[in-house]
Amino acid sequence: MWVARRVLSSLVKRTQYAGQSGLFCRPQHGSLPELELRYLQCTCCWRSRVPVASFETLNANLSSSNEPCKDDASRTLDTCYTPEQRDAILQLLNTATPGELAGIKLLRGRKSLNIVEYRTKNGPFKTLESVVNVPLLKHKSAVIVFNSILNPTVKKERKVRIQLAKFIRPEVDKSWLEDASSIVSLICGTNKIAWAHVDRGMTVLDWQQVDCPNFLRGTYMASAYLHDVSSVVALLPSADFYIIEKSSISVQNTALFPIMAHMRAVEAMLFALLEPKNSPAESNIPPRVLNMMRTAVGRHFGLMVGESRTSGAQTVRQLMTESVTQKLPRINFPQDLLVKYRNSFQMGSRRGGEELCDALLQAIAFYELLSDCS
């Protein structure tokens with residue numbers, strides 16, 4: 001122990017000579033902080049002490065060195081950017097629509113609406129610091145938004161060629177699907193079934209839903225289910241193909257097993273009731289009822305968040321608006337359907353239902369994905 005004390009003592013003494021820099025010595029030039037001294041005590045008597053440098057202090061001081069402006073909350077946001085950058089940021093925040101703001105990082109959803117509401121109530125933003133007053137936009141979030149405006153991420157647009165086998169079951173020759181003049185897109189909900197009848201010209205011929213009071217009641221009585229499903233089938237228009245949504249509920253999710261069993265029961269009954277009974281001589285006739293993957297439709301419209309699919313109500317509202325305002329809309333709606341559902345898909349409204357939205361989006365995705373595979 002005393003040998004160790006002598007070695008440490010000699011190392012410390014070396015730091016007393018000017019012009020020498022060692023492990024425990026502060027350099028002559030540079031910005032490193034002066035090290036404070038700590039002590040090692042003799043483990044025998046606990047009285048004699050040898051001073052040693054504290055590297056913890058060094059690490060703490062180094063870690064608190066100056067960082068880029070983007071993470072310095074003590075400085076005002078306006079001092080972090082040049083006048084040209086500030087003008088560009090304020091110009092966009094003061095003039096962009098909610099849809100344009102939603103394309104900026106961190107501004108999707110409620111934040112973009114808060115910006116519009118704030119500038120409508122208080123006038124245009126005059127400083128970057130004033131943006132922090134917008135609800136849900138604090139200092140760090142605002143910095144990310146500003147940097148995203150100045151350096152927008154350019155996404156390379158590429159047309160993904162999806163094979164039919166990726167989203168249609170069972171597999172059908174593409175020529176059969178291309179010859180179809182119309183399809184009926186079906187969505188099975190927990191208490192209703194919705195459908196959309198769409199033709200090859202991307203015009204909605206029929207769009208409605210029917211309540212099924214016996215769904216998820218009691219012990220899944222087959223007779224009760226058959227009554228509700230048969231009532232819906234009797235109302236369905238004639239079409240070349242019936243496309244039934246294939247849900248993405250995993251069998252490993254035991255909490256949702258009752259819902260999955262319900263979906264599978266309704267799906268099986270629709271297949272049985274809608275599929276014609278072909279004779280062996282007609283084996284070359286394709287199936288009339290097909291499944292379409294729910295996740296494929298969600299990805300097609302950008303509704304996926306991870307493995308979960310969000311509501312398509314906003315997308316349907318936009319499609320209905322484009323049907324009236326654009327010369328060549330993505331989908332054409334008859335006037336009576338526009339009047340019937342014009343207020344059904346507003347935020348907070350329960351009158352329309354997600355099933356109606358999903359039925360329409362599935363029909364559109366079917367034709368557009370089929371076109372992409374050409």
Side-chain angles (χ1 to χ4, degrees), residues 159-189 193-200 202 205-206 215 220 222 225-226 228-230 232-253 256-257 259-301 303-304 307 309 312 355 358-374:
K159 203 171 185 179
V160 181
R161 297 176 65 87
I162 305 176
Q163 298 178 359
L164 289 181
K166 295 291 184 180
F167 65 91
I168 288 292
R169 295 288 191 280
E171 294 186 27
V172 181
D173 188 273
K174 186 160 66 74
S175 61
W176 290 102
L177 299 176
E178 291 176 337
D179 292 339
S181 59
S182 69
I183 64 166
V184 170
S185 170
L186 287 151
I187 301 294
C188 309
I193 295 178
W195 68 87
H197 187 200
V198 181
D199 66 8
R200 168 63 61 182
M202 299 301 286
L205 305 176
D206 187 24
F215 281 3
Y220 300 86
Y225 264 59
L226 182 60
D228 283 353
V229 176
S230 299
V232 172
V233 171
L235 299 174
L236 294 179
S238 177
D240 294 298
F241 289 100
Y242 294 90
I243 313 299
I244 302 175
E245 180 186 71
K246 189 73 171 179
S247 66
S248 56
I249 300 177
S250 172
V251 294
Q252 298 179 349
N253 191 337
L256 295 178
F257 185 80
I259 303 297
M260 185 192 67
H262 157 74
M263 296 293 189
R264 294 293 186 267
V266 177
E267 177 187 329
M269 289 185 177
L270 285 172
F271 265 84
L273 295 172
L274 290 171
E275 191 67 59
K277 307 300 184 290
N278 297 327
S279 63
E282 299 173 323
S283 57
N284 61 332
I285 297 178
R288 189 183 182 189
V289 187
L290 304 171
N291 271 136
M292 189 166 183
M293 304 298 113
R294 175 176 173 83
T295 52
V297 179
R299 291 191 181 98
H300 182 71
F301 286 100
L303 301 177
M304 300 299 294
E307 295 300 320
R309 179 170 155 181
E355 291 82 1
D358 294 347
L360 179 68
L361 296 180
Q362 180 173 257
I364 297 173
F366 172 84
Y367 281 120
E368 291 182 345
L369 289 173
L370 182 61
S371 176
D372 289 345
C373 293
S374 300

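Bear in mind the structure is a predicted one, so any value in this text is a computation, not a measurement. The chain is numbered in sequence order, starting from 1. The figures that follow rest on heavy atoms only: side chains count, while hydrogens, waters and symmetry mates do not.
- In this structure, L273 and S230 approach most closely via the heavy-atom pair CD1-OG, 3.7 Å.
- Distance check, rounded to the nearest 0.5 Å: CD of E245 to CE of M263 gives 7.5 Å.
- Closest approach of C188 to L270, counting heavy atoms only: SG-CD1, 3.5 Å.
- Residues F167 and L370 come closest through the heavy atom pair CZ-N, 4.4 Å.
- Between V297 and R309, the closest side-chain pair of non-hydrogen atoms falls below 4.5 Å.
- Atom CZ of residue R294 and atom NZ of residue K246 lie 14.0 Å apart, to the nearest 0.5 angstrom.
- Looking only at distances, no side-chain donor or acceptor of E355 sits under 3.5 Å from a matching main-chain atom of A194.
- For the side-chain contact (heavy atoms from CB on, under 4.5 Å) test with L177, the passing option among L290, D240, I183 is L290; the others fail.
- By the 4.5 Å heavy-atom criterion applied to side chains, I244 and V266 are not counted as neighbours.
- In this structure, H262 and E267 have side chains that are not in contact, with every pair of non-hydrogen atoms separated by 4.5 Å or more.
- The shortest heavy-atom contact between F241 and W176 is CE1-O, 3.6 Å.
- M293 contributes atom CE, which lies 16.0 Å from atom NE2 of H300 (distance to the nearest 0.5 angstrom).
- Here the shortest heavy-atom pairing between E275 and V289 reads OE1-N, 3.1 Å.
- No side-chain heavy atom of V184 sits less than 4.5 Å from a side-chain heavy atom of L274.
- No donor-acceptor pair closer than 3.5 Å links the side chain of D199 to the backbone N or O of S182.
- Nearest approach of F301 to I364, heavy atoms of both residues: CZ-CG2, 3.8 Å.
- The shortest side-chain heavy-atom distance between V233 and M269 does not fall under the 4.5 Å cut-off.
- Y367 contributes a side-chain N or O that, together with a main-chain N or O of V198, makes up a donor-acceptor pair within less than 3.5 Å.
- For S185 (side chain) and A359 (main-chain N/O), a donor-acceptor pair under 3.5 Å exists by modelled atom type.
- A distance-only check finds a donor-acceptor pair linking the side chain of Q362 to the backbone of I243 [under 3.5 Å].
- Using a 4.5 Å cut-off on side-chain heavy atoms (C-beta onward), L205 and P237 make no contact.
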